[in-house]
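To keep things clear, I will list the structure first and then write my remarks on it.
Heavy atoms only: backbone and side chains are in, while hydrogens, waters and symmetry mates are out. Letters A, B, ... are given to chains in the order of the sequence lines, protein chains preceding strands, and every chain is numbered from 1.
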Amino acid sequence: MKTLVQIFLLFGSLSLLSIGGGNSVLPEMHRQSVGKYHWLTDNQFADVFAISQAAPGPSILIVTLIGYKAAGVLGGLLATVAVMLPAAILVYFVTLFWQHAEKSPLRHAIEKGFAPLTVGLVLASAYIMGKSTDHDWRAYLLTGLCTLVFIFTKTNPLIVVSIAGLIGFLGWI
Amino acid sequence: MKEYDFAVIGSGIAGLSFALKAAKHGSVAVITKRKGADTNTAWAQGGIACVTSDEDSFELHVSDTLEAGAGLCDEAVVRMIVTEGPERIRELAELGLQFDEREVDGHRELDLGKEGGHSKRRVLHVQDVTGRQIEETLLRELGRQSHVQLLENHMAVDLITAAKLGFATEDRCLGVYVLDEKTGDVETIGSDRIVLATGGCGKVYLYTTNPDVATGDGVAMAWRAGVEIANMEFIQFHPTCLFHPEAKSFLISEAVRGEGGILRNNRGEDFMKRYDPRGSLAPRDIVARAIDAEIKRSGAKCVFLDITNKPAEFIRERFPHIYQTCLRFGIDMSKQAIPVVPAAHYQCGGIKTDINGATNLPGLYAIGEVACTGLHGANRLASNSLLEGLVVAHRAAAAAVALTITMAVKTGRKCLHGPAPILLFLASFVMNGIFRWPLLVALAIVGPLSLTWAWPRKKKS
């Protein structure tokens with residue numbers, strides 16, 4: 001029961017803090033679920049991250065897998081609801097206000113001011129994920145290559161993921 | 001909403017060439033009002049001006065273009081388009097287009113036509129149906145591409161821009177609303193690279209050589225989106241449009257004069273000699289103005305283009321299309337002069353672009369007749385427009401593909417422009433990534449800082 005409450009509080013609060021999408025709260029998610037509650041190990045976190053990215057659907061579904069690791073099916077369901085509900089309610093009310101607030105300085109400040117924060121948070125996520133998955137130069141090389149491919153081309157992620165997956169499957173990493 | 005990597009509006013030489021090049025890098029939608037081949041390109045009889053013979057040179061082509069343009073051409077643009085021409089022509093030939101050849105001293109070489117304003121023979125042609133052959137070649141090749149969707153009977157209604165949607169970001173083109181003429185539905189096509197290749201605006205005038213689709217809607221859409229337009233006052237009038245009550249916009253190619261056709265007034269006089277030493281082969285604007293003056297002076301409805309000095313066999317061989325059409329209207333051009341009037345023919349100005357077809361609205365490109373690159377100046381040199389379409393389409397495709405890269409870099413740069421946002425970015429990265437502070441703590445520190453930084457301040461007057 002205690003775990004369920006923890007799941008609900010953790011993901012509920014992360015839901016409201018996830019400016020710039022799910023990836024920007026990954027460091028916090030990692031810090032709490034691995035470091036604080038020990039629901040899963042560093043490597044398991046990297047695995048569920050990869051699965052949630054590769055599986056269809058929004059990548060924030062990583063919380064379902066973390067919740068499942070922590071407290072089984074119920075934990076998974078609860079984490080999913082917790083991560084969706086507060087943000088959904090918030091978005092509903094903000095949308096009402098946003099449309100009418102075209103000239104509002106707050107809207108302008110949020111759109112402009114949070115952009116650098118989001119980029120910083122996503123980079124922090126990349127850094128932490130890199131640290132927990134990449135343990136030798138070949139892995140760093142692959143991470144770097146994939147990054148370059150995504151920056152400079154519009155290649156379908158599925159193709160890159162499949163190729164990287166194949167490389168891993170063949171045991172080259 | 002349908003999304004494409006590139007959306008091209010218009011299916012003439014520029015639009016199709018762009019689509020073929022872009023298709024190697026992503027999905028492409030080609031939006032066209034009627035059938036794919038219902039374009040001004042398909043009506044082009046003359047050909048493509050391009051330096052291919054040893055007697056000719058890039059410098060001569062440049063100076064001819066500059067002279068026709070009445071001092072308003074951008075010389076750097078002219079030089080570039082002229083110099084890159086041969087490469088693009090070669091690509092067109094590789095797609096299977098066979099330009100007319102002739103036999104000289106036992107070897108075959110391109111049969112180059114001579115047209116008004118050109119100091120050398122340099123117009124590549126396929127009889128007098130060059131445009132139709134180009135259109136067919138490009139459409140055939142397009143049909144082989146799996147990444148390209150040709151949306152026929154789809155009319156672009158308006159461009160979608162960030163400013164129109166009320167986004168606080170920098171303005172850019174995001175897509176286009178398109179009317180499906182069969183169902184009557186307006187569809188939304190999303191693409192961060194929109195290419196206007198909609199041609200000119202001949203239909204604005206009573207007499208025009210253009211097909212019904214040339215209504216100038218590309219310029220209108222761009223204007224509504226706040227894009228810069230230039231030189232729209234320079235509309236080129238073709239001096240010789242067939243004058244016949246039943247003929248609709250039928251052009252008698254400049255090549256007829258190039259091959260020896262002479263303009264005569266209703267008294268049979270070779271009146272052009274009075275207006276210009278080059279006579280009937282003077283540049284179009286001079287000929288059109290002279291015919292206009294002659295018609296007004298004499299009160300006649302038209303003037304006459306006489307090529308009866310050439311053998312009937314040569315005429316039928318070199319101008320089969322013009323010959324047959326005139327014959328249908330009861331005029332045998334090998335025996336009698338063709339009645340002609342000037343008609344709106346080409347829009348020299350248009351949407352202002354750089355040499356890569358980029359407009360001042362990020363994400364929006366304009367190529368072909370709809371654009372104003374600076375090649376034509378105040379007056380287009382005959383057969384330079386197909387060349388411009390080919391060359392600029394190629395450059396625009398390269399620029400649009402590279403936009404993916406610049407956009408990633410630009411977005412980063414825009415978010416992180418100046419010391420304050422870079423500090424905010426580093427702070428959020430270090431606190432969360434390296435020191436692993438709780439997100440709430442980090443946000444409580446940098447959140448108010450970023451809002452303070454981004455809060456709109458009144459500009460000091």
Self-check item: Full working for salt bridge (charged side-chain N to carboxylate O under 4.0 Å, His left out) between Arg172(B) and Asp192(B)
Solution: CA-CA 8 Å; Arg172(B) 62 168 292 114; Asp192(B) 46 23; 5.2 Å; no

Quiz item: Taking all atoms of both residues into account, what is the closest heavy-atom pair of Val83(A) and Ala87(A), and its distance?
Solution: O-CB, 4.2 Å

Quiz item: Are more than 12 heavy atoms from other residues, nucleotides or ligands located less than 6.0 Å from atom CH2 of Trp223(B)?
Solution: no

Exercise. Could you tell me whether the side chain of Ile66(A) reaches within less than 4.5 Å of the side chain of Met29(A), counting heavy atoms only?
Key: yes

Quiz item: Taking non-hydrogen atoms and a cut-off under 4.5 angstrom, which of residues 67-79 of chain A neighbour chain B?
Solution: none

Practice problem: Describe, in one word, how the ring planes of Phe429(B) and Tyr127(A) are oriented to each other, choosing from parallel (under 30°), tilted (30 to 60°) and perpendicular (over 60°). | Solution: perpendicular

Exercise. Would you indicate whether the side-chain heavy atoms of Ile7(A) and Phe11(A) approach each other to under 4.5 Å?
Key: yes

Self-check item: With Lys21(B) via salt bridge (Lys or Arg N to Asp or Glu O under 4.0 Å) - residues at least two apart
Solution: Glu91(B)

Exercise. Side chain from CB out, backbone as N, CA, C, O: work out which of these in Leu424(B) comes under 4.5 Å of a heavy atom of chain A, or both, or neither.
Key: both

Quiz item: With a 4.5 angstrom heavy-atom cut-off, which part of Leu121(A) approaches chain B: side chain, backbone, both or neither?
Solution: both

